[in-house]
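Down below is the structure, laid out as structure tokens.
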Amino acid sequence: MIFLQTLMAGLLAALVAWGVNYVLLGLRLNNRAILAFIGPFGEETLKTGLGLLTGASLAGVHAVFGFAEAAWELASTSPAKKRGKLKPALAAVAGHSFFGLLVSLAFARSGRADVALATDFLAHLAWNRLILALH
């Protein structure tokens with residue numbers, strides 16, 4: 001049962017995050033701020049919140065989200081450009097899985113959802129700053 005909870009929570013978090021990010025980017029606000037701050041806060045709140053609410057594996061929910069993001073990355077490009085999207089897809093899986101391990105550890109050590117979420121959010125912020133700086 002925990003597998004199904006984890007899968008469903010991760011997919012729901014990915015779906016809602018995709019919708020929210022799509023709307024936010026469509027508003028033509030400062031896209032860099034959305035990518036660097038608002039997006040990660042929303043994603044981490046969704047993943048961690050749904051994981052805690054459903055009793056799913058926090059690390060698993062984050063990993064499912066990463067796989068969903070990778071699938072979207074690969075599916076949303078033409079076959080000729082898929083090879084160039086492989087690295088971002090793998091980075092999505094690795095990054096979100098790493099965030100999941102961090103949030104799980106923070107929650108296990110502190111027993112507090114706010115501490116876990118803050119740790120997760122700060123890690124995602126650092127990751128996005130690195131990626132934006134490289135590109």
Val103/Leu117 under side chain to side chain contact (heavy atoms under 4.5 Å, CB included): CA gap, chis, key distance, verdict: CA-CA 7 Å; Val103 76; Leu117 181 59; 5.8 Å; no
Between CG of Leu74 and CG of Leu90, what distance do you get to the nearest 0.5 Å? 8.0 Å
Rounded to the nearest 0.5 Å, what's the gap from OG1 on Thr119 to CZ on Phe99? Could you check? 12.5 Å
For His124 together with Phe121, are the ring centres under 6.0 Å from each other? no
CG/Leu130 to CG/Leu125 distance, rounded to the nearest 0.5 angstrom? 12.5 Å
Mind checking whether Trp127 and Phe98 have side chains closer than 4.5 Å, heavy atoms only? no
Close side-chain approach of Phe107 and Leu58, heavy atoms under 4.5 Å: yes
Answer yes if Leu52 and Met8 sit in the same cluster of Ile, Leu, Val, Met, Phe, Trp and Tyr residues linked by side chain heavy atoms under 4.5 Å apart, and no otherwise. no
Measure the shortest side-chain to side-chain distance between Glu43 and Leu46 over non-hydrogen atoms and say whether it is less than 4.5 angstrom. no
Tell me whether the rings of Tyr22 and Trp18 are parallel (<30°), tilted (30 to 60°) or perpendicular (>60°). parallel
Same cluster or not: Trp72 versus Phe65, using hydrophobic residues (I, L, V, M, F, W, Y) connected whenever any side-chain heavy atoms lie under 4.5 Å apart? no
As an exercise, state the distance from CG of Leu102 to OG of Ser97, rounded to the nearest 0.5 Å. 11.0 Å
Could you tell me if the side chain of Thr48 sits less than 4.5 Å from the side chain of His62, heavy atoms only? yes
Nearest 0.5 Å please: distance from the CG atom of Asn21 over to the CD1 atom of Ile38. 9.5 Å
Considering residues at least two apart in sequence or located in another chain, which fulfil the side chain to side chain donor-acceptor pair (under 3.5 Å) criterion with Arg109? none
Ile2 and Ala56: which non-hydrogen atoms are nearest, and at how many Å? CD1-CA, 3.8 Å
Hey, what do you get for CZ (Phe3) to OG (Ser57), rounding to the nearest 0.5 Å? 11.0 Å
Over all atoms of both residues, closest heavy-atom pair of Pro40 and Asn128: CG-ND2, 3.2 Å
Results of salt bridge (charged side-chain N to carboxylate O under 4.0 Å, His left out) for Glu44 - residues two or more places apart only: Lys47
Are any of the side-chain heavy atoms of Leu15 and Leu11 separated by less than 4.5 Å? no
